[in-house]
Amino acid sequence: MTALLLLPLLISGCFDRYRTTDSLCNDNPQLCQPLNLNDGQCRIQRTNLIWQRYDTLQSPTDQQKFKELKATQEYQFCLEYAARIEPTELKQRKTKRIQALHHSYDAIDRLTQELQSSQDPHIIFYRWTQGDQTAKQQFLALEGNTKLEHPELQLALASYYIDKNKTKTLNLLHHGLSLYKANDDININILHTLATLYYQQKNTAAAYVWAKVANQYQPNTKPKTVTSSIKNRFNLTNNERQKLNTTVTDIIKALNDGQYIQTTINLPD
């Protein structure tokens, strides 16, 4: 029995070879040397990038390369600010940051080229956002395909139709929400877009409900302040708000449980 209990720990130890970033860099210097090591600036972004590079090294799929591309962009964004800071000591730190920044540009160019022919719809959409018109046509050609059955991709498709077909846009957004599983992180942009579109259509009930739902998923906000703002924005009676708040609660529960189904929202009688 004891041997059986120890077996998972032994197996875990085999796969958990690197416990620190330093140990990873010591054995894989090519992942780390071009970066601004031993520098307090961009430490989190740098660490995330190093570990993602290791994941890509272990499994060089398009998906891992895309994650590395995004991690590199976050690191680059931080470095662009850090490179302007004049260190009070060790002037070579600024030089190292600038060198790391130039390295990030090269890394992004390389990864972009490697992903140029990827058929992953997330990557195709990314290329579209970067101005690739061929990618735009590739992405739109996937409409109705199961490959787009993902909340983020439904939001992407909705963004194309938002100025062309409001009804279709709303249906895509609702369908996107229905694709979330229990305890998934909800993209708040879907919720805000629903609230905005219903507000533009003068559907006060639906606009109020989705603004309140978005408020519940809004990070770094003071709920009472935001709720007060929503209350003042809509001309509703206390009775109407109370009944609509029940709908808000039902939608939030359905989203958290991964069981959202589109429903029609109207002012209560």
Side-chain angles (χ1 to χ4, degrees), residues 62-63 65-74 76-77 108 111-112 115-181 184-221 226 229-230 233 248 251-252 254-256 258-265:
D62 285 351
Q63 290 73 25
K65 290 179 180 179
F66 189 45
K67 290 179 182 178
E68 183 181 341
L69 173 61
K70 291 190 286 186
T72 307
Q73 289 175 326
E74 291 175 4
Q76 180 192 89
F77 181 78
I108 288 173
L111 289 165
T112 300
L115 294 172
Q116 192 63 35
S117 60
S118 175
Q119 297 304 302
D120 185 308
H122 291 88
I123 298 172
I124 293 172
F125 177 67
Y126 168 78
R127 295 204 309 268
W128 173 14
T129 65
Q130 301 304 298
D132 187 334
Q133 293 303 303
T134 300
K136 173 183 177 181
Q137 296 308 317
Q138 282 182 287
F139 186 85
L140 294 177
L142 291 172
E143 184 177 348
N145 192 302
T146 55
K147 291 182 178 180
L148 292 192
E149 288 293 284
H150 186 281
E152 303 293 331
L153 297 177
Q154 291 296 302
L155 174 61
L157 194 59
S159 69
Y160 172 74
Y161 285 106
I162 195 165
D163 293 324
K164 300 175 177 63
N165 187 328
K166 292 291 193 297
T167 300
K168 184 169 187 175
T169 300
L170 288 168
N171 289 335
L172 287 167
L173 294 171
H174 283 293
H175 181 59
L177 290 178
S178 73
L179 297 175
Y180 281 114
K181 296 180 176 60
D184 278 353
D185 290 331
I186 308 295
N187 187 327
I188 197 169
N189 290 323
I190 298 178
L191 309 177
H192 281 313
T193 304
L194 282 168
T196 299
L197 288 176
Y198 282 122
Y199 189 78
Q200 291 173 347
Q201 293 182 343
K202 302 187 186 308
N203 185 336
T204 303
Y208 172 83
V209 165
W210 286 107
K212 289 272 287 186
V213 172
N215 177 34
Q216 295 300 310
Y217 291 95
Q218 183 76 44
N220 303 320
T221 58
V226 178
S229 174
I230 293 171
R233 196 184 315 160
V248 171
I251 288 176
I252 292 171
L255 287 172
N256 291 340
Q259 297 179 345
Y260 175 76
I261 299 174
Q262 180 176 355
T263 55
T264 300
I265 302 171

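When side chains are defined from C-beta on, Val213 does not count as touching Ile186, because their heavy atoms never get closer than 4.5 Å. The shortest side-chain heavy-atom distance between Trp210 and Leu173 does not fall under the 4.5 Å cut-off. Between Phe66 and Asp120, every side-chain heavy-atom pair lies at or beyond the 4.5 Å cut-off. Side-chain contact between Tyr126 and Leu69 is present, with at least one heavy-atom pair separated by less than 4.5 Å.
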Steps toward side chain to side chain contact (heavy atoms under 4.5 Å, CB included) verdict (Leu170, Tyr198): CA-CA 9 Å; Leu170 288 168; Tyr198 282 122; 3.9 Å; yes

side-chain hydrogen bond (donor to acceptor under 3.5 Å, both in side chains) evaluation trace for Gln63 with His122: CA-CA 9 Å; Gln63 290 73 25; His122 291 88; over 6 Å; no

Stepwise side-chain hydrogen bond (donor to acceptor under 3.5 Å, both in side chains) test for Asp132 and Gln138: CA-CA 10 Å; Asp132 187 334; Gln138 282 182 287; over 6 Å; no

Tyr160 and Glu143: CA distance, side-chain angles, deciding distance, side-chain hydrogen bond (donor to acceptor under 3.5 Å, both in side chains) verdict: CA-CA 11 Å; Tyr160 172 74; Glu143 184 177 348; over 6 Å; no

Worked check of side chain to side chain contact (heavy atoms under 4.5 Å, CB included) between Leu157 and Leu140: CA-CA 7 Å; Leu157 194 59; Leu140 294 177; 4.0 Å; yes

Pair Asp185-Tyr217, side chain to side chain contact (heavy atoms under 4.5 Å, CB included): steps then yes or no: CA-CA 9 Å; Asp185 290 331; Tyr217 291 95; over 6 Å; no

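Residues Ile124 and Leu142 come closest through the heavy atom pair CD1-CD1, 4.4 Å. Nearest approach of Ala207 to Ala195, heavy atoms of both residues: CB-O, 3.7 Å. Nearest approach of Gln262 to Asn171, heavy atoms of both residues: NE2-OD1, 3.6 Å. Heavy atoms only, all atoms of each residue included: Gly176 and Gln154 are closest at CA-CB, 3.8 Å. Nearest heavy atoms, Ala214 versus Ile188: O-CD1, 3.4 Å. Here the closest non-hydrogen pair linking Ile123 and Ser118 is CD1-OG, 3.4 Å.
Within 6.0 Å of OH on Tyr199 lie no more than 12 heavy atoms contributed by other residues, nucleotides or ligands. In the displayed structure, Lys147 atom NZ is contacted under 6.0 Å by at most 12 heavy atoms of other residues, nucleotides or ligands. For Lys164, the NZ atom is densely surrounded, since the number of other residues' heavy atoms within 6.0 Å is greater than 12. Applying the 6.0 Å contact sphere to CG of Asn145 captures more than 12 heavy atoms from other residues, nucleotides or ligands.
Residue Glu152 holds its CD atom at 8.0 Å from CG of Asn189, rounded to the nearest 0.5 Å. To the nearest 0.5 angstrom, Lys136 atom NZ is 11.5 Å from Phe125 atom CZ. Here NE2 of His192 is found 8.5 Å from CG of Asn215. Values are rounded to the nearest 0.5 Å. To the nearest 0.5 angstrom, Ile108 atom CD1 is 10.0 Å from Glu68 atom CD. With values rounded to the nearest 0.5 angstrom, Thr263 atom OG1 is found 5.0 Å from Ile265 atom CD1.
Judged purely by atom type and a 3.5 angstrom limit, Arg127 has no side-chain atom pairing as donor or acceptor with the backbone of Thr134.
When the options Leu179, Leu172, Leu177 are evaluated for a side-chain contact (heavy atoms from CB on, under 4.5 Å) with His175, the one that passes is Leu179. In summary, of the residues considered (Ile252, Asn256, Ile251), a side-chain contact (heavy atoms from CB on, under 4.5 Å) with Gln216 occurs for Ile252 alone.
His174 and Tyr260 have parallel rings, their planes meeting at less than 30° on a 0 to 90° scale where 60° marks the start of perpendicular.
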